[in-house]
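One structure is given below, encoded as structure tokens.
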Amino acid sequence: MPVQSFHFQDASQKDLQRSIRTRSWMLAAAAVVTASVYLLNLMSIQIVDGETYHAQTESTTVSVIPIRAARGEIYDRDGQPLAENQTGLNIVFYYAFFDLENCAEQIGLLINLCEEQGESWYDPLPLNEDGTEFTGDEQDADTLRQALGLSSYATAADCMYNLCQEYGIIEGDEQTRRKIAGVCYGMQLRQFSLLNNEYTFAENVSVQTALQLKELSVRFPGMDIVEEDVRSYPDGTIAPHIIGTVGQMSAEEWSRYQPEGYQMSDYVGKFGIERYCEETLRGTDGTRTVEQGKNGEIISEEVSSQPESGNSVYLTIDAAFQKRVEEILSNYIEQLQQTGDPDEGGNVKGGAISVIDPKTGAVLALVTWPTYDINDYYSDYTTLLETENTPLVDRATDGLYRPGSTFKTVVAVAALEEGIITPEDTVNCTGVYTYFDQVIEGNTFHPTCLGIHGKLSVSEALTRSCNIFFYDVGRRLGIDTINRYASLMGLGEETGLELGSAIGTLSSPEHTKQMGGTWTQGNVVQASIGQMDTMVSPLQLAVQAMTLANRGDRYKVYLVDEVRSFDGSKLLQKTEPELVSSFDMSEETFDAIVEGMIGVGLQYTAPEYMLSDLGYSVAVKTGTPQVTTDTTNSCAIAFAPAEDAEIAIGIMLEEGTGASRLIRDILCAWEEYVR
């Protein structure tokens, strides 16, 4: 048995070895066949079809193109959008695929197509329609000359000739050549190159235009239709001077933003919140890798990195309140103009209203007239620039005017706080101020009052706006003390507004000397009633009202309330009230001032202007500052409720009348939308 078992195992082992050898030969044969197939394919690629594949490789280009990140949006205090994004179709050139040799011809064809479709395009060339004269300001012309390497004496025709020579613009009439030159100049300003590969020819074109261009893409190498966010302003009439707008970078802006990673083709804020919050609103661009054939057709594309949206900004203003105050101002000015009577304000040229929260310094409304729609800023810029009464100027922040009798509150506070007078002391008003007859031999300076008021206390003098009272009290105070209190109340000082605002001036011997004049004793009394060289903005008038309401506390004025993530879910920054100056106004002083200012408001008995039936007291001071010997402005300050104010107002009308008539409507709108 052991022998038989041994022979059986030996036979099985031999069969196994034969099987392994057979399989090895089969695997080896398969490997040889597979290698032969790959070798034949490789020979086909490298030898048989080598030239074909080489030509294909040479004719394709790979480019990394930025994907614009969504810009953060701008909202009012309640989250209503003031500046938002909408998806638009842009016509874009890519330098890597652009036909530079025939660019003039290609641009001409593209312009013709856009004109047929009613589309507009970017054209920064400061030349008229046939290129024979400069348009815009001298700085634009100088920029053009410098970009073309021409002397400062080069004419418009010289610039046009140079552009045509440089870009080979030879076909068409003068107007056509001018249009093509405008696009070429735009590309030059944008430094269109491999480093700045993208150039936006036109924004937000129609779907019909986009489809037509897509069909004709072979005729326009390097051109593409790109879906990107386009800035939109739902109601462009709401605070256009505050919101601002965005646009393509200038050469100066490029030098500023380039170190921060911007591309020349990026859009940036030009003014207003759009500019002030540029770094906050701007997102981080993504990238896409695009492979195109020699005719510009897209072979493949892939998103390399996703864009990150910018953060959103929430303002302190209430959009509905802002719009209503704009209507109040414009309606009243139009009403005055319709009278046609200069004595009734028929020559009014403009106006402004500033409204702030006295407890924080937050802006509730900044209104200026005339104004415009921010959506028309670029298309109507030349018209806006040339329109009568300069709608592009923000009178609320940048307009400077004499404060007139509103300044009497400064003198009254200073006199009471410095102990020059008490609330009970009086000054006798005879209609003419004769003090200087006693101290100046042969005096001829006799400033007057608009009435003969008799003996008045400070509260009565404020209510009746008696010039004689404040001539005398101001003279006793002296200009240095007056100006110290004026500064404490924000006049002639920075307001702190993020967008910047006019500082203005206070009357003083130093300022008079700088202006080439001579300071005299009589200048003090004129400065005491808000005349002379004292110039303030409507925003500063509101700051003055705030400081009075707060018994000496003045807050920094601000517009940006919060910064949040793009979707609003995460709070990133919150503005806290900032006290910038303070003096301890006594209760006695405050009561005397408020009594006089409430008295002003009680004088309005017409139902449309009445302030006595609102359910709270309103402190008011009016002014009629002289501009020339024949013209005056009208202004007012107010705060309410007088004892514990929640709103402070400054109003100015250029050559208008009755600024205080607007207070009731402003307060009613505030109660409806803000309070």
Side-chain angles (χ1 to χ4, degrees), residues 62-72 74 83 85 90-98 100 103 121-126 136-137 139-150 163 166-167 182-203 222 224 226 228-231 244-290 304-311 313 377-378 498-500 563 566:
V62 176
S63 180
V64 177
I65 298 172
I67 303 173
R68 293 191 190 276
R71 189 173 177 84
I74 302 173
N85 301 317
N90 296 347
I91 303 174
V92 175
F93 299 161
Y94 294 116
Y95 188 87
F97 316 117
F98 198 66
L100 295 173
C103 71
W121 58 89
Y122 177 58
D123 182 348
L125 185 60
D137 55 33
Q139 183 178 354
D140 293 332
D142 287 340
T143 301
L144 172 59
R145 293 186 184 105
Q146 292 171 12
L148 299 177
L150 300 176
L163 280 166
E166 183 172 346
Y167 291 98
V183 176
C184 293
Y185 179 57
M187 294 192 296
Q188 188 166 344
L189 284 183
R190 298 278 81 78
Q191 297 183 14
F192 187 45
S193 65
L194 285 173
L195 293 177
N196 291 291
N197 184 49
E198 181 180 343
Y199 174 79
T200 301
F201 169 80
E203 287 187 305
D224 195 10
V226 180
E228 293 181 332
D229 286 331
V230 176
R231 205 57 160 175
T245 189
V246 298
Q248 293 188 334
M249 276 190 280
S250 64
E252 293 77 14
E253 288 169 328
W254 170 235
S255 62
R256 171 189 170 187
Y257 288 115
Q258 183 183 14
E260 299 177 30
Y262 282 69
Q263 300 297 316
M264 187 68 180
S265 57
D266 286 344
Y267 279 54
V268 296
K270 290 296 186 176
F271 66 94
I273 292 296
E274 291 279 26
R275 179 171 182 174
Y276 175 77
C277 294
E278 170 61 32
E279 288 77 10
T280 299
L281 295 166
R282 182 197 183 215
T284 302
D285 289 347
T287 56
R288 62 189 175 108
T289 302
V290 179
S304 313
S305 61
Q306 293 290 344
E308 296 179 11
S309 301
N311 297 318
V313 174
Y377 179 78
Y378 287 113
E498 297 94 330
L499 306 183
V563 175
F566 184 80

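Taking all atoms of both residues into account, the shortest heavy-atom contact from V230 to N90 is CG2-OD1, 4.1 Å. Listed here is the closest heavy atom pair of P124 and G186: CG-CA, 3.6 Å. Closest heavy-atom contact between S255 and P259: O-CD, 3.5 Å. Closest of all the heavy-atom pairs between D123 and G182 is OD1-CA, 3.2 Å.
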- [ ] Evaluate side-chain hydrogen bond (donor to acceptor under 3.5 Å, both in side chains) for Y267 paired with E203, printing each intermediate quantity in order.
- [x] CA-CA 12 Å; Y267 279 54; E203 287 187 305; 3.0 Å; yes

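With a 4.5 Å cut-off on side-chain heavy atoms, V183 and Y167 do not count as touching. In this structure the side chain of M187 never reaches within 4.5 angstrom of the side chain of Y122, judged on heavy atoms. Using a 4.5 Å heavy-atom cutoff, the side chains of Y378 and T245 are in contact. A 4.5 Å side-chain heavy-atom check between N85 and F566 finds at least one atom pair inside the cut-off. By the 4.5 Å heavy-atom criterion applied to side chains, R68 and D266 are counted as neighbours. For the pair V246 and K270, the minimum side-chain heavy-atom distance is 4.5 Å or more. By the 4.5 Å heavy-atom criterion applied to side chains, T200 and V226 are not counted as neighbours.
Side-chain N/O atoms of Y262 and E278 include a donor and acceptor closer than 3.5 Å. With no hydrogens or angles considered, no side-chain donor-acceptor pair links Y94 and E198 at under 3.5 Å.
Taking the six-membered ring where tryptophan is involved, the planes of Y95 and F192 are perpendicular, since the angle between them exceeds 60° and thus also 30°.
Proximity of a side-chain donor or acceptor of D285 to a complementary backbone N or O of A69 within less than 3.5 Å is detected. Side-chain N or O atoms of Q188 include one that pairs as donor or acceptor with a backbone N or O of A147 at under 3.5 Å. Using a distance-only test at 3.5 Å, with no hydrogens or angles considered, a donor-acceptor pair links the side chain of S305 to the main chain of T287. The backbone N or O of D229 sits nowhere less than 3.5 Å from a side-chain atom of R71 that would complete a donor-acceptor pair.
We find the CD1-CG distance between I74 and L281 to be 5.0 Å, quoted to the nearest 0.5 Å. Of the inter-residue distances, the one linking L163 atom CG with Y185 atom OH reads 8.5 Å to the nearest 0.5 angstrom. In this structure, F93 CZ and F98 CZ are separated by 4.5 Å, a value rounded to the nearest 0.5 Å.
Atom CD of E260 sits in a crowded spot, with more than 12 heavy atoms from other residues, nucleotides or ligands closer than 6.0 Å.
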